[in-house]
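Naming: A, B, ... by sequence-line order, numbering from 1 per chain.
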Protein chains: 2
Amino acid sequence: MSPPVLDRETAMTIQSSREFAALARTAKVGNDGHRVGPSPVNAVIHYDIGALIFSQGDRAGNIFTVTSGAVRLSHLLADGRRQVLAFCMPGEVFGFAQDGIYSFFAEAIEDCSVVAHSPQEVRAADNLNAALSSLFSAQSHMLVLGRQCAAERLASFLLDMAKRQRGRRCVELSMSRADIADYLGLTVETVSRGLGKLQKDGVILLHSARCIEIREPQVLRDMVE
Amino acid sequence: MSPPVLDRETAMTIQSSREFAALARTAKVGNDGHRVGPSPVNAVIHYDIGALIFSQGDRAGNIFTVTSGAVRLSHLLADGRRQVLAFCMPGEVFGFAQDGIYSFFAEAIEDCSVVAHSPQEVRAADNLNAALSSLFSAQSHMLVLGRQCAAERLASFLLDMAKRQRGRRCVELSMSRADIADYLGLTVETVSRGLGKLQKDGVILLHSARCIEIREPQVLRDMVE
DNA sequence: CGGACAATTGATTATGCTCAATACTGGTGG
DNA sequence: CCACCAGTATTGAGCATAATCAATTGTCCG
């Protein structure tokens, strides 16, 4: 990829959402909002699909655990190029900040619930485990971004999504093609073509754009080795 | 990049270095090898250039802090493609493992000294800080691998190296072109051509292959935004 | 000095991007 | 209920970037 002459879509303005996030943090404290012994602040917050949880550049506050739905973590360059760092599913933790500033956006890509923790109130061991999970997934994604071709990236992605939805017949994607592309370091066109090819080869079946049946998981596994 | 028909060089055999690492761990315990209060085991270990510290697939033991020299962390695919995850310089910590198994190789790319810590003996807060540093650098590298073109990747790399050697006139590279290529998700040829172009444009000056003077840091900064 | 490895340079190719047009989908209002 | 619209996805054609293949030069050690 070369630096684009024109912005993707009309590149989102990087704006602080400090007020927004502060509002959200106090809003809709759930059933478990009362404090329980030495546990973290179980402030359950609900975000509608598309809602911004925090912005790149915001002063960091809480860390969050997803309890339902899905969250997209993405970093935006000045010219509009975007890298999706991770999709966070239930059980996953996000919001670790560098020097007190969030270095990426966190947005709800489905209606979702998260639990906000004050980092100080979480046991250090829990924080460490969460940070290590993020680290390992970042490291394996570096492999995908650095050394796999488009077809292999899609195979990795589909297997990863399938693993997180074990039990379902079909993989339900909560993200758009643009999100997938920005996660895999590709363009929407390449993602679309790649999925089309996998379907033509009988490896997957697209019930709809967001619902994919994996018919030959072993073929995907062979692609990523 | 597409899956290579032939291995890079003659792809390194993935072999367990359990015996080797065990040996190394007990060898050459340095001056600070005695235990000091509640501190970690300050077992200082020296590795010669090229030495293997641990292998991908090894049962995990200690975590390590680099005190001198440089360490390359790399992940190898079955067909020989390699992704360098990080170059660890003095002060940096490596060796966090997933499910008790190291998921990458750690090798000395210069003569170097590391301090081996038993993870249990390190304060959780220190582990967390080390893990978060690795996470943040992995995240920013995902941006490089996913969304920057070859010239931008080189600019990012040179600026990063320069930052770690603040004070020097020239950036001294401890790694080969192949290492740089595998770190940046490029080929050696592209790295070489890219550096050549930067030199032709007067942005850098190659005193030797491993010694680069940055004449126009601002140009590099503008490239990465 | 010679040999092995590392780095550079050149020519060609292919993968994935860009630009462009078309099809599909879900939600809204007549 | 259906037409419409906007956003999303797919498909097509041509091109550019970086990979591949190949040859040469440079450098470090013994």
Side-chain angles (χ1 to χ4, degrees), chain A residues 1-10 12 48-50 79-82 109-110 144-155 172-200 204-212 223, chain B residues 1-10 12 48-50 79-82 109-110 144-155 173-200 204 206-212 223:
Chain A
M1 164 166 305
S2 67
V5 174
L6 205 56
D7 292 1
R8 164 185 309 281
E9 293 145 26
T10 346
M12 176 175 183
D48 290 337
I49 183 170
D79 62 3
R81 278 178 288 176
R82 186 180 71 154
I109 53 172
E110 293 179 341
V144 172
L145 294 174
R147 286 292 175 227
Q148 290 188 323
C149 67
E152 292 171 335
R153 294 183 200 203
L154 280 170
E172 294 284 345
L173 300 178
S174 49
M175 67 291 288
S176 68
R177 294 288 185 270
D179 287 339
I180 298 172
D182 286 344
Y183 179 60
L184 297 178
L186 301 170
T187 59
V188 282
E189 294 93 333
T190 300
V191 169
S192 191
R193 273 186 258 270
L195 292 175
K197 173 106 188 343
L198 285 172
Q199 173 160 246
K200 191 168 66 62
I204 64 173
L205 186 61
L206 287 155
H207 289 279
S208 75
R210 301 278 188 118
C211 174
I212 300 180
M223 290 173 71
Chain B
M1 162 164 311
S2 66
V5 175
L6 205 56
D7 292 0
R8 163 185 309 283
E9 293 146 26
T10 347
M12 177 174 180
D48 290 337
I49 183 170
D79 63 2
R81 278 178 288 177
R82 186 180 71 155
I109 54 171
E110 291 181 340
V144 172
L145 294 175
R147 287 291 174 228
Q148 290 188 323
C149 68
E152 291 170 335
R153 294 182 200 204
L154 279 169
L173 300 179
S174 49
M175 67 291 290
S176 67
R177 294 289 186 270
D179 287 339
I180 298 172
D182 286 344
Y183 179 60
L184 297 178
L186 301 171
T187 59
V188 281
E189 293 93 332
T190 301
V191 169
S192 191
R193 273 186 258 270
L195 292 174
K197 172 106 187 346
L198 285 172
Q199 174 160 246
K200 191 168 66 64
I204 64 173
L206 287 154
H207 290 280
S208 74
R210 302 276 189 119
C211 174
I212 301 180
M223 290 173 71

Whole-Å distance between [N] [atom2] and [X] [atom1]?
{"X": "A:R82", "N": "C:dC17", "atom1": "CZ", "atom2": "P", "value": "15 Å"}
{"X": "B:R147", "N": "D:dT17", "atom1": "CZ", "atom2": "C1'", "value": "15 Å"}
{"X": "B:K200", "N": "C:dT9", "atom1": "NZ", "atom2": "P", "value": "11 Å"}
{"X": "B:L186", "N": "C:dT8", "atom1": "CG", "atom2": "C1'", "value": "16 Å"}
{"X": "B:L184", "N": "D:dA19", "atom1": "CG", "atom2": "C1'", "value": "15 Å"}
{"X": "B:I109", "N": "C:dA6", "atom1": "CD1", "atom2": "C1'", "value": "15 Å"}
{"X": "B:L198", "N": "C:dT8", "atom1": "CG", "atom2": "P", "value": "12 Å"}
{"X": "B:E152", "N": "D:dT17", "atom1": "CD", "atom2": "P", "value": "12 Å"}

Exactly one candidate in B:L195, B:V188, B:T187 meets side-chain contact (heavy atoms from CB on, under 4.5 Å) with B:V191; the answer is B:L195

Validation row: B:L198, B:M223 side chains within 4.5 angstrom (heavy atoms)
yes

If you define the side chain from C-beta out and look only at heavy atoms, does anything of B:I109 sit under 4.5 Å from B:I49?
no

Looking at A:T187, does any N or O in its side chain come under 4.0 Å of the phosphate oxygens OP1/OP2 on C:dC17?
yes

Is the closest basic N to carboxylate O distance between A:D79 and B:R147 below 4.0 Å?
no

Quick test of your reading of the model: are A:R177 and A:D182 salt-bridged, counting only N-O distances below 4.0 Å?
no

Does the pair A:I212 and A:L205 meet the rule for a side chain to side chain contact (heavy atoms under 4.5 Å, CB included), with working shown?
CA-CA 6 Å; A:I212 300 180; A:L205 186 61; over 6 Å; no

Do nucleotides 7-13 of chain D as a string where each nucleotide becomes B, S or -: B if the base has a protein heavy atom under 4.0 Å, S if just the sugar-phosphate does, - if no protein is that close.
--SBBBB

